[in-house]
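Below, read A as the first sequence line, B as the second, and so on, with proteins coming before strands; counting in each chain starts at 1. Values below: every heavy atom of this structure, side chains too, minus hydrogens, waters and symmetry copies.
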Amino acid sequence: MARFVLSLHTPPSDHDTTQRIVKFANACLAQGHTIDAIFLYQQGIYHASTHFDLSSDELQISALWQQLADQKLNLMLCVTAAQKRGLDIKNTGVFKVAGLAEFAMLASDADKWVQFK
Amino acid sequence: MARFVLSLHTPPSDHDTTQRIVKFANACLAQGHTIDAIFLYQQGIYHASTHFDLSSDELQISALWQQLADQKLNLMLCVTAAQKRGLDIKNTGVFKVAGLAEFAMLASDADKWVQFK
Amino acid sequence: MINVLVMSQCSPFDDLNIRDALDMTLIFAAVDQNVSWLFSGPAVLALKKHQQPNNIGLKDFFKNIKTLEIYDVENIFVCEKSLLDYGLNKHDLLIEAKALNFSQQQTLIKAQQHVVNL
Amino acid sequence: MINVLVMSQCSPFDDLNIRDALDMTLIFAAVDQNVSWLFSGPAVLALKKHQQPNNIGLKDFFKNIKTLEIYDVENIFVCEKSLLDYGLNKHDLLIEAKALNFSQQQTLIKAQQHVVNL
Amino acid sequence: MSTLHIFSKPLNYYSANQLENLILSGDKVLLVGDACFAKKQFRQFADTLLILEQDAQVRAIKLADNDKAISYEDFMALTLSTNQSITW
Amino acid sequence: MSTLHIFSKPLNYYSANQLENLILSGDKVLLVGDACFAKKQFRQFADTLLILEQDAQVRAIKLADNDKAISYEDFMALTLSTNQSITW
C-alpha cells in the first residue's frame with residue numbers, strides 16, 4: 001500500500017478542482033492507500049474558511065472537507081500562506097494550521113505527491 | 001471633471017495589482033476627478049478581510065485601503081462573490097457590502113470604468 | 001442607456017469566471033442598459049449543449065445561461081474563429097448567439113462605453 | 001534523501017508564485033532533501049538583477065533569492081531558451097544558475113521523486 | 001522511466017512551446033477538467049490520451065478510438081505506475 | 001474612436017491570435033506590471049508602446065526610443081482621451 005500527500009492550490013471558487021481532489025482522495029482511501037496529508041497552499045488556503053454561504057445546488061465545500069475529516073484524514077493548511085492572504089487562522093474548521101516544514105517532511109516520506117490545480 | 005468607477009479582480013496576494021489600483025485612485029483624486037466606487041469582485045473580495053498579518057517590509061494592504069477610506073472614497077464589495085468564497089461578510093473593515101446591481105448603476109452613470117487585474 | 005460589453009475568454013469551469021460574467025450581464029440588463037456578451041477562446045464551450053455538471057456535484061449554470069432569453073438579453077455573440085477551433089457549430093449551442101468575425105468584433109468593441117473582461 | 005524539483009513558470013510579480021516557490025525550495029533544503037529549482041518562461045525574469053520593488057511598496061524578494069546560496073541550495077536551473085526569449089544572459093542574473101536545454105530539463109525531471117509546479 | 005503529465009485546462013492556458021519539448025514519447029498525458037474539451041490540441045503530445053471519464057462525461061465529450069477513458073481508481077494507479085507526476 | 005488596451009503580464013498569458021485581430025492601428029497599447037518585461041512581444045500591436053514608468057523602473061527595464069514612459073496622471077488621462085479601455 002502506498003503513501004500519498006495531496007496539495008491543493010486553487011481557491012474554493014474553483015469547484016471543479018475541488019471535486020476532483022476530494023474524489024481522488026476517496027479513491028485512495030477506498031483502495032486502502034494512506035494519505036498522510038492534504039495540504040492547502042497558495043490560494044488553496046481559503047478552503048479553510050468557516051464562512052461559506054452556498055445555495056443548495058452548489059458544491060458544498062465545507063461538507064466535503066468534513067466528510068474527509070470524519071475519515072481521520074490529516075487536513076493541513078500553510079500558516080504563512082494564510083496570514084498573507086487574510087485568512088483567520090484562529091478559525092480554520094477541520095483544517096489544522098501547520099508550517100511548510102511539516103508538510104515538506106510528510107512529502108519527503110510519501111511515495112507520491114499529487115498536486116491539484 | 002470626470003467620474004470613475006474602478007473594479008479589482010485579483011486577490012490581495014497580488015501585491016503588484018493592488019499598488020497599481022491604489023496609485024491610480026490617488027492620481028484621480030489628486031486631479032480633482034470623482035471616483036464613485038472601488039468595487040471588489042471575483043477574487044478581489046478577499047481584500048475586505050480583516051485578518052491580514054503581513055511583515056513590515058510587505059505592501060500594507062489594510063493601511064492602503066484605510067488611507068483611501070479616510071478620503072471618503074466609496075469602497076464596496078460584491079456580497080454574492082464574497083459568500084461563495086468564504087469571506088466573513090459581517091466583518092469587512094472599510095469595505096461596504098453591496099449588491100452587484102448597486103455597482104452596475106454606478107458604472108452606468110460613470111464616464112469611465114477601469115478594471116484592475 | 002449606455003452600451004456595456006462583457007467579454008468572456010475563460011474555459012467553462014475555470015473558477016467562477018463564466019458565472020461571474022453571466023451575473024454581470026444579467027444585472028446590466030436589469031438596470032436597463034444595453035448589454036452585450038461576447039464569448040471567445042475556450043469560453044465558447046460555455047455555450048455547448050448537453051453538459052451535466054450536476055453529475056459531479058457542480059451547479060448546472062447552463063440552465064441559468066438559458067434564462068438570458070427570458071430576461072430579454074439578446075446581444076449574445078461568439079467569436080466565429082473560436083467556434084471553429086473547438087469544432088462547434090451553431091446547432092451545438094444552448095442559446096441563439098451571433099457568430100462574429102474579427103472585424104465585426106472590432107465594430108462591437110468600438111460601440112461600447114464600458115468593456116469588462118471577466 | 002529524495003530529489004524534489006520546484007518548477008516556476010510565472011512572471012516575477014504574478015501573485016506570490018515566485019515567493020511561494022522560493023519558500024518551498026528553502027524548506028526542502030532545510031529538511032535535508034536534494035531540492036532543485038527550475039525557472040522557465042517569464043519566471044526567468046525573477047532572476048534578473050537590479051530590480052527594486054520596494055520603490056513601489058513591494059517586498060524586495062530578490063534579496064531573499066540571493067540567500068539561496070547562503071543556505072547551500074545549489075541546484076538552480078534556468079531554461080536556456082527562455083533566457084533567450086527575454087534577452088537575458090548569465091551576467092544579467094542575480095545568482096549563479098545553470099542554463100539547461102530541453103534535453104537536460106528532461107533528464108532533470110526524470111531524476112525526481114516529486115515535481116511541484118508553483 | 002515515465003512521467004505523468006496532468007492538464008486541467010485547454011492548451012492556451014500553458015506555454016505550449018515548452019511543453020512539446022518536455023513531454024517524451026513514453027510519457028502519459030492525462031486530461032482532466034476543462035482540458036477534456038481540448039483533446040485535439042493535446043494530441044500532439046501523445047498518441048493515446050488518457051481522459052478522466054467523469055470529467056469528460058459531464059462536458060458531453062465524445063471519445064475517439066485512441067482516447068482512453070479512465071476512472072479515479074485508474075488515475076490513482078497511474079500516479080503509482082509512473083515515476084513522477086507534473087500538474088501543469 | 002480609439003481603444004486603450006491594458007496588459008499586465010507577458011504575452012504568453014493571453015490568447016495572442018485573438019489579440020492581433022482586435023487591436024487596431026489607432027488604438028493605444030499600455031504595458032503595466034510584468035507586461036513591461038515583454039515589450040518586444042507586444043511591439044507587433046503598436047509602433048509606440050505606452051509603458052507605466054514606475055512599473056518599468058522597479059523592474060530595471062531600459063526604454064527604447066519608440067517607447068513612451070507615462071505617469072499615473074498620464075494613465076488616468078489616457079482612459080479619458082480614449083473611447084473605451086480593455087484590461088486584458
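- Taking the six-membered ring for Trp, B:W113 and B:F39 have ring centres at least 6.0 Å apart.
- In this structure, no portion of B:H9 lies under 4.5 Å from any heavy atom of chain F.
- Only the backbone of F:Q84 comes within contact range of chain B, with at least one heavy atom under 4.5 Å from a heavy atom of that chain.
- Here F:R43 pairs with F:D67 in a salt bridge; the nearest charged N to carboxylate O distance falls below 4.0 Å.
- With values rounded to the nearest 0.5 angstrom, B:M76 atom CE is found 14.0 Å from B:L8 atom CG.
- With a 4.5 Å cut-off on non-hydrogen atoms, B:K112 touches chain F through its side chain but not through its backbone.
- Proximity to chain F (any heavy atom under 4.5 Å) is shown, for B:Q115, by both the backbone and the side chain.
- Interface summary for chain B: among F:I6, F:D55, F:I86, the most heavy-atom pairs under 4.5 angstrom belong to F:D55.
- Using cut-offs of 30° and 60° for the angle between ring planes, the B:H47 and B:W65 rings count as perpendicular.
- With a threshold of 4.5 angstrom between heavy atoms, F:N83 approaches chain B through N, CA, C or O but not through any side-chain atom.
- F:L52 touches chain B through its side chain: at least one heavy atom from C-beta onward sits under 4.5 Å away, while N, CA, C and O do not.
- Heavy atoms closer than 4.5 Å to chain B are found in the side chain of F:S8, but not in its backbone.
- A salt bridge links B:D16 with F:R59; the closest basic N to acidic carboxylate O contact falls under 4.0 Å.
- With a 4.5 Å cut-off on side-chain heavy atoms, F:Y13 and F:D34 do not count as touching.
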